[in-house]
Amino acid sequence: MIELIDVAYVRSGVADLDKAVRFATEMVGLELVGPADIGADQADRPGQERGRSAQLRADGRHHCLALVEGGSGVISSAFTVADEDALAAAETELERAGFTVSRGSPAAARERRVRSFIGFDDPFGNRIELVSHQVTVTKPVQLTRPAGITEFGHLCLDATDVREAYRFWSTHFNARVSDWVGDAACLMRIDPVHHKLAVFRGDGPGLCHMNFQVATIDDVFRNWHFLVDNGVGIQMGPGRHPQSTAIFLYFLGPEGFTYEYSYGVRRIEDDAAWRPRTFDPEEPGSIDMWLGPQRKPSTQPQLRPAG
Ligand SMILES: [Fe+2]
């Protein structure tokens with residue numbers, strides 16, 4: 001059993017780096033911490049990552065989003081494990097289970113601001129990285145605009161079969177289902193937060209959305225007006241998820257990358273007492289208890305290595 005400690009980062013490939021960075025800073029509000037050349041990265045994912053990249057920060061993590069110039073599409077989604085021993089044990093367990101696992105080079109680990117990492121594809125083709133010793137930065141976060149972001153909250157992947165996805169995450173990892181939305185979504189926790197990982201049913205692998213928590217309900221609504229005033233496409237919300245009780249707003253960034261702000265996510269402190277519930281996606285209010293227009297946020301497809 002591999003114990004995931006937390007979400008670590010998302011790496012997303014963009015054809016237009018400058019535009020994607022402008023959106024992530026000026027619209028989303030993230031802090032730009034470092035454009036860096038990542039030529040050394042090519043050894044890990046040949047043909048996929050090249051040229052320039054940018055790192056964006058939302059909380060104590062050195063960065064939680066890396067935008068990488070090249071092909072358009074999500075490159076990987078990462079979780080932290082406890083330490084080097086835990087990472088080595090995870091590598092062994094995944095290999096024994098039949099997954100092809102690759103070790104990141106020292107240069108690629110430095111670029112990610114982690115000590116070591118491994119990468120593998122989940123059964124649906126989502127590229128996952130497990131990292132040890134992600135760097136924490138103490139300097140206060142300087143959001144580009146006052147969006148109220150407090151942390152990278154969760155990530156959501158697509159899979160063609162949500163039940164099978166849960167089998168994967170609960171067999172090899174410490175993920176436990178918090179709630180089901182029929183066969184359309186599985187919301188999983190790896191700590192008391194209602195979900196740090198979600199899997200939505202989709203046509204293929206990809207990142208459905210990346211979530212940022214904000215400090216107050218007012219931030220959700222202020223951000224909503226700000227985004228609408230700036231012509232940003234709202235995908236869903238403001239609304240309230242009955243599962244996590246979070247007040248949400250999904251909106252679309254460049255190259256099909258969906259961001260989410262949310263406030264007020266449920267914490268499950270008594271793990272043993274929690275019983276996962278099932279919500280029928282066809283029932284009114286099952287996604288948004290305020291009964292707003294519902295549609296699945298659009299997914300940024302998984303980028304495959306060239307050739
Ligand atoms: Fe979400």
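- A donor-acceptor pair under 3.5 Å links the side-chain atoms of Q302 to the main chain of R127, judged by distance alone.
- Around CG of N230, the count of heavy atoms belonging to other residues, nucleotides or ligands within 6.0 Å exceeds 12.
- In this structure, the side chains of W290 and I247 come closer than 4.5 Å at one or more pairs of heavy atoms.
- Considering all non-hydrogen atoms of both residues, M236 and I287 come closest at CE-CG2, 3.9 Å.
- Using a distance-only test at 3.5 Å, with no hydrogens or angles considered, a donor-acceptor pair links the side chain of R189 to the main chain of V177.
- Each salt bridge (charged side-chain N to carboxylate O under 4.0 Å, His left out) pair with one or both residues in residues 148-165, not counting sequence neighbours, appears once here: D158-K296, R163-D183, E164-R167.
- Listed by first then second residue, pairs satisfying salt bridge (charged side-chain N to carboxylate O under 4.0 Å, His left out) with a partner in residues 137-147 read E31-K139, not counting sequence neighbours.
- Ring geometry for W180 versus Y166: interplanar angle over 60°, hence perpendicular rather than tilted (30 to 60°).
- Aromatic rings of Y9 and F117 (six-membered ring for Trp) have centroids beyond the 6.0 Å cut-off, not under it.
- Residues L17 and V10 share a single hydrophobic cluster, defined by chaining ILVMFWY side chains whose heavy atoms lie under 4.5 Å apart.
- For E26, the side-chain hydrogen bond (donor to acceptor under 3.5 Å, both in side chains) test picks out no residue, with sequence neighbours left out.
- Residue S244 comes nearest to H194 through the heavy atom pair CB-ND1, 3.7 Å, listed as atom of the first residue, atom of the second, then distance.
- In this pair, F251 and Y261 present their aromatic rings tilted. The plane angle is within the 30 to 60° band.
- In this structure, the ring of F168 has its center less than 6.0 angstrom from the ring center of H172.
- Using a cutoff of 4.0 Å between basic side-chain nitrogens and carboxylate oxygens, D16 and R22 are not scored as salt-bridged.
- For V199 against A159, the heavy-atom pair with the smallest separation is CG1-CB, 3.6 Å.
- Side-chain contact between L197 and F79: present, with at least one pair of heavy atoms (C-beta onward) separated by less than 4.5 Å.
- A 4.5 Å side-chain heavy-atom check between I149 and V28 finds at least one atom pair inside the cut-off.
- If you look at Y259 and F23, their ring centroids are closer than 6.0 Å.
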